[in-house]
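Some notes on the structure that comes next.
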Amino acid sequence: MNILIIGMGYVGTTTGVVFAEWGHRVTGLDIDPAKVEALQKGKLYFYEPGLEELLRKHVKEQNIRFTTDTRGAIQSNDLFFICVGTPSRSDGKADLSYIKQAASDIGKYMNGYKIIVTKSTVPVTTTEKVAKWIRLSCSHPHPFDVASNPEFLREGSALYDSLNPDRVVIGSSSERASQVLSKLYQSVKCPVVFTTTRTAEMIKYASNSFLATKISYMNEVAKLCDQLGVNVKDVARGMGLDPRIGPHFLHAGIGYGGSCFPKDVKALIQTGNEYGQPLTILQKVADVNDNQPQYMVECIRERLTSLKGKKLVVLGIAFKPDTDDLRETRSFQVIHQLLLGGAEVNVHDPVAVIPKTYANQGVTQCQDVESAAKGADGIVICTDWPQYKDLNWQAIQQEMRSSNLFDGRNMLDGAKMREIGFYYHGIGYR
Ligand code: UDX
């Protein structure tokens, strides 16, 4: 198939490379010439394990190409995936202007039958709006069908998730579009859900919001565990063995970040309000998440009496391991609160780079944890990069002025850290 991917972000790039891997001819369209130039050279402009190698292979074999030529790209392809961003507006609603632009471009330039698929996470009814926007911008009407085919890939394992999905959701009222999409996914071994566009869109939002709910629920339980001297990690393990609950996303910490959960939860809350069916549980999920970094900072303040003049080291700034993505990262909330309290902050991340705005406020990014910890009053883990487990914690402890370890991701063995000589405080876990 000749497939056009519109929007070369995480989702678009990964999806394009995977379709190329499945033997299709893929064009990636983006308005940013710098992104297109980099991708055409086989270079990723973001960090995603394994993806660059596969990108390079398919660029070399000419299975995938990248362009800024909207008209040419639309006219030479038949199956389109809209993967542009849907950022949160200030009122929590998803900003659909990029989706609308893509739909209008398709309408304006289309030259025959096309199938247009929304892959970006879009509010329920958006795919119907895409059809309307295409129709409105058509000067010479051509037949087309729309479909919703949400992505469920996680950053950091985007390639694996796309090559091995646990389900494929195809929402369309068109038999023809459903058949084409079903053929596209014929090589993957997982259940396929055929449904309407609205239901497909809802599946995506309800899934992400449910996972966010699991996290916030455990974070509330963890805070109670702190009061009761109960170990939340054991609680999560005991709960997760119940197959009705399952072991995933029960990991307490400083909360969820990233480009999806915070935005999607807010957008679904907005949809609920818009349709007169407020999602009260989800509002609490968002509130708990917003307060989680503050909770960690309060634990630090309690231990150090005051933050003023204290030197703290933040380990991990990416919103989660195996990515350099800083969108909605919890670490920024922690850093912000520490700075407000008058602390000096050193940060370390194996991949992500602290933005200039923080550097201007005196935050220093260090290349290694040992030098960051020299003379420090405490370390705060904000991202559970696995390599932090293997640090020489003994040597680090000796470098510090006072050896306080605050584990915002409950990733270390508390007992072992205490043995080394640390004061150790996780979230609902000591
Ligand atoms: C998520 C969904 O998992 C994916 O299916 C969807 O398509 C896009 O959004 P992603 O944003 O890449 O993927 O990250 P994910 O691995 O889900 O983690 C999100 C956040 O939740 C991270 O900040 C992570 O640290 C946090 N998290 C996750 C927890 O705090 N506890 C957990 O138990 C799991």
Side-chain angles (χ1 to χ4, degrees), residues 9-12 14-15 46-49 51 83 85-86 118-122 149-162 164-169 200-201 203-222 232-233 235-237 239-240 245-268 285-286 288-293 295-296 315-334 349 352 381-386 388 407-411 426-429:
Y10 280 97
V11 174
T14 312
T15 306
F46 55 86
Y47 178 77
E48 183 61 47
L51 189 59
C83 298
T86 52
T118 50
K119 204 165 221 346
S120 306
T121 303
V122 288
N149 172 223
E151 56 76 22
F152 297 96
L153 58 87
R154 292 163 299 174
E155 289 182 23
S157 50
L159 192 58
Y160 178 86
D161 289 352
S162 305
N164 309 280
D166 43 25
R167 83 283 216 192
V168 169
V169 175
E201 290 162 342
I203 288 171
K204 176 61 200 277
Y205 270 109
S207 299
N208 272 3
S209 297
F210 183 73
L211 292 172
T213 304
K214 279 183 104 174
I215 298 170
S216 278
Y217 176 73
M218 283 316 288
N219 284 338
E220 277 218 305
V221 168
V232 76
K233 281 175 46 161
V235 174
R237 178 149 192 276
M239 286 169 64
I245 298 175
H248 306 292
F249 281 71
L250 296 180
H251 199 85
I254 53 170
Y256 58 78
S259 65
C260 294
F261 285 178
K263 173 171 75 79
D264 295 351
V265 167
K266 279 185 199 137
L268 194 55
V285 167
V288 168
N289 197 58
D290 286 346
N291 288 325
Q292 230 30 42
Y295 177 76
M296 180 89 273
L315 293 192
I317 54 171
F319 88 93
K320 69 171 194 177
D322 281 328
T323 178
D324 60 353
D325 198 339
L326 297 171
R327 283 176 287 180
E328 298 275 349
T329 182
R330 302 292 86 193
S331 63
F332 285 174
Q333 316 291 332
V334 171
D349 192 284
I381 300 179
C382 286
T383 315
D384 40 349
W385 283 98
Y388 289 155
D407 187 350
R409 294 294 173 188
N410 289 353
M411 68 173 292
I427 307 253
Y429 171 64

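Residue indices begin at 1 and follow the sequence shown. Every number for a ligand or one of its atoms is a count from 1 in the order of the listing.
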Mind listing the N or O contacts between ligand 1 and protein, cut-off under 3.5 Å?
{"residue": "ligand 1", "atom": "5 (O)", "partner": "Phe152", "partner atom": "O", "Å": "2.8"}
{"residue": "ligand 1", "atom": "7 (O)", "partner": "Glu151", "partner atom": "OE1", "Å": "3.2"}
{"residue": "ligand 1", "atom": "7 (O)", "partner": "Leu153", "partner atom": "O", "Å": "3.2"}
{"residue": "ligand 1", "atom": "7 (O)", "partner": "Lys204", "partner atom": "NZ", "Å": "3.3"}
{"residue": "ligand 1", "atom": "12 (O)", "partner": "Glu155", "partner atom": "N", "Å": "2.6"}
{"residue": "ligand 1", "atom": "12 (O)", "partner": "Lys320", "partner atom": "NZ", "Å": "3.1"}
{"residue": "ligand 1", "atom": "14 (O)", "partner": "Lys320", "partner atom": "NZ", "Å": "3.2"}
{"residue": "ligand 1", "atom": "16 (O)", "partner": "Lys320", "partner atom": "NZ", "Å": "2.8"}
{"residue": "ligand 1", "atom": "23 (O)", "partner": "Gly257", "partner atom": "N", "Å": "3.0"}
{"residue": "ligand 1", "atom": "23 (O)", "partner": "Phe319", "partner atom": "O", "Å": "3.0"}
{"residue": "ligand 1", "atom": "30 (O)", "partner": "Arg409", "partner atom": "NH1", "Å": "3.4"}
{"residue": "ligand 1", "atom": "31 (N)", "partner": "His251", "partner atom": "O", "Å": "2.9"}
{"residue": "ligand 1", "atom": "33 (O)", "partner": "Leu250", "partner atom": "N", "Å": "3.4"}
{"residue": "ligand 1", "atom": "33 (O)", "partner": "His251", "partner atom": "N", "Å": "2.9"}

### Message
Does Lys233 qualify as a cation-pi partner of Tyr429, given the criterion of NZ or CZ under 6.0 Å from the six-membered ring centre and within 45 degrees of its axis?
### Response
yes

### Query
Atom CG in Asn410, atom CE in Met218: separation rounded to 0.5 Å?
10.0 Å

### Query
Using the ring of each side chain (for Trp, its six-membered ring), is Phe46 parallel, tilted or perpendicular to Tyr10, with breaks at 30° and 60°?
tilted

### Within-4.5 Å side-chain heavy-atom neighbours: Tyr256 and Asn208
no

### Query
If you look at every heavy atom in Arg327 and Glu155, which pair is closest and at what distance?
NH2-OE2, 3.6 Å

### Message
Please check this pair: side chain of Arg409 against backbone of Cys382, looking for a donor-acceptor N/O pair closer than 3.5 Å.
### Response
yes

